[in-house]
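Shown next, in structure tokens, is the structure this report addresses.
This chain uses plain numbering: 1 for the first residue, then up along the sequence.
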Amino acid sequence: MMDFVWAVLVGGAICVIGQLMMDVGKLTPAHTMTILVIAGAVLDGISFGGVSLYDRFIDFAGAGATVPITSFGNALVHGATKELQDNGWIGILTGIFELTSAGITAAIVFSFLAALVARPRG
């Protein structure tokens, strides 16, 4: 039961931080999203004992850390570093797309479907 509680609290806190960045900091949604993705990437780049800080965060918060946009930055860096170790420098590019391709594809497909339904003007 506590796993669900922590997931809701941590995921909600990340959303509150993003909302405060837009409301109080007057940042655009694009700037807010970029900062949160970079934060996830930086937290994945910091490791203690061979385990990244974001991986420890995921172990603690579960879906509260994997669902928000910060996990996209985590996936970018995590994939790049893993493939760099396995395949060398070319692995940086392939690793980025290997872990994030499903999310990118889903965003494109669902955006297209939403555009068909909503019929945007202009």
Side-chain angles (χ1 to χ4, degrees):
M1 182 66 176
M2 285 307 293
D3 291 341
F4 297 112
V5 172
W6 284 119
V8 169
L9 290 176
V10 170
I14 292 171
C15 293
V16 166
I17 291 168
Q19 194 65 49
L20 288 173
M21 290 167 65
M22 289 188 286
D23 292 346
V24 176
K26 303 295 184 203
L27 295 175
T28 66
H31 287 113
T32 301
M33 181 181 66
T34 302
I35 290 169
L36 291 173
V37 169
I38 290 171
V42 169
L43 289 174
D44 189 68
I46 301 170
S47 64
F48 297 101
V51 179
S52 79
L53 195 58
Y54 204 87
D55 285 341
R56 291 177 188 230
F57 191 48
I58 290 172
D59 290 341
F60 172 73
T66 58
V67 172
I69 194 71
T70 52
S71 69
F72 188 72
N74 167 56
L76 289 172
V77 172
H78 201 77
T81 55
K82 181 183 177 301
E83 291 297 315
L84 174 65
Q85 293 170 353
D86 294 345
N87 299 320
W89 289 102
I90 193 68
I92 292 175
L93 293 176
T94 59
I96 287 172
F97 294 115
E98 186 175 319
L99 287 180
T100 59
S101 60
I104 294 169
T105 303
I108 292 169
V109 169
F110 289 120
S111 296
F112 176 75
L113 293 174
L116 288 177
V117 173
R119 298 184 190 232
R121 302 178 203 276

Tyr54 and Phe57: aromatic ring centres closer than 6.0 Å?
yes

Check against side-chain contact (heavy atoms from CB on, under 4.5 Å), Leu9 and Phe4
CA-CA 9 Å; Leu9 290 176; Phe4 297 112; over 6 Å; no

Does any pair with a residue in residues 12-49 pass ring pair (Phe, Tyr, Trp, His ring centres under 6.0 Å), and if so which ones, sequence neighbours excluded?
none

Does Ser71 reach the main-chain N or O of Thr66 with its side chain, forming a donor-acceptor pair under 3.5 Å?
yes

Do Phe60 and Ile14 sit in one hydrophobic cluster, given that two such residues count as connected whenever their side-chain heavy atoms are within less than 4.5 Å of each other, even indirectly?
yes

Thr70/Leu43 under side-chain contact (heavy atoms from CB on, under 4.5 Å): CA gap, chis, key distance, verdict
CA-CA 9 Å; Thr70 52; Leu43 289 174; over 6 Å; no

Taking atom CE as the centre, does Met2 end up with more than 12 heavy-atom neighbours from other residues, nucleotides or ligands that are less than 6.0 angstrom away?
yes

Residues pairing under salt bridge (Lys or Arg N to Asp or Glu O under 4.0 Å) where one sits in residues 36-63, two or more places apart or in two chains, turn out to be none

Can Ile108 be reached from Met33 by stepping across I, L, V, M, F, W or Y side chains whose heavy atoms are under 4.5 Å apart?
yes

Could you tell me which residues satisfy side-chain contact (heavy atoms from CB on, under 4.5 Å) with Met21, sequence neighbours excluded, listed by chain and number?
Ile17, Leu27, Thr32, Ile35, Leu36

What's the verdict on side-chain contact (heavy atoms from CB on, under 4.5 Å) for Ile58 and Asn74, showing C-alpha distance, side-chain angles and the deciding distance?
CA-CA 10 Å; Ile58 290 172; Asn74 167 56; 3.7 Å; yes

With sequence neighbours left out, which residue pairs that include part of residues 5-20 fulfil the side-chain hydrogen bond (donor to acceptor under 3.5 Å, both in side chains) condition?
Gln19-Asp23

State which residues pass side-chain contact (heavy atoms from CB on, under 4.5 Å) with Val109; sequence neighbours excluded, sorted by chain then number.
Thr105, Leu113

Hphob cluster co-occupancy, Val5 + Val8, side-chain heavy atoms under 4.5 angstrom:
no

For Val42, check side-chain contact (heavy atoms from CB on, under 4.5 Å) against everything at least two apart and list the hits.
Ile38, Ile46

Can you hop from Ile96 to Phe72 via hydrophobic side chains spaced under 4.5 Å?
yes

Drop me the distance from Phe97's CZ to Ile92's CD1, to the nearest 0.5 angstrom.
12.5 Å

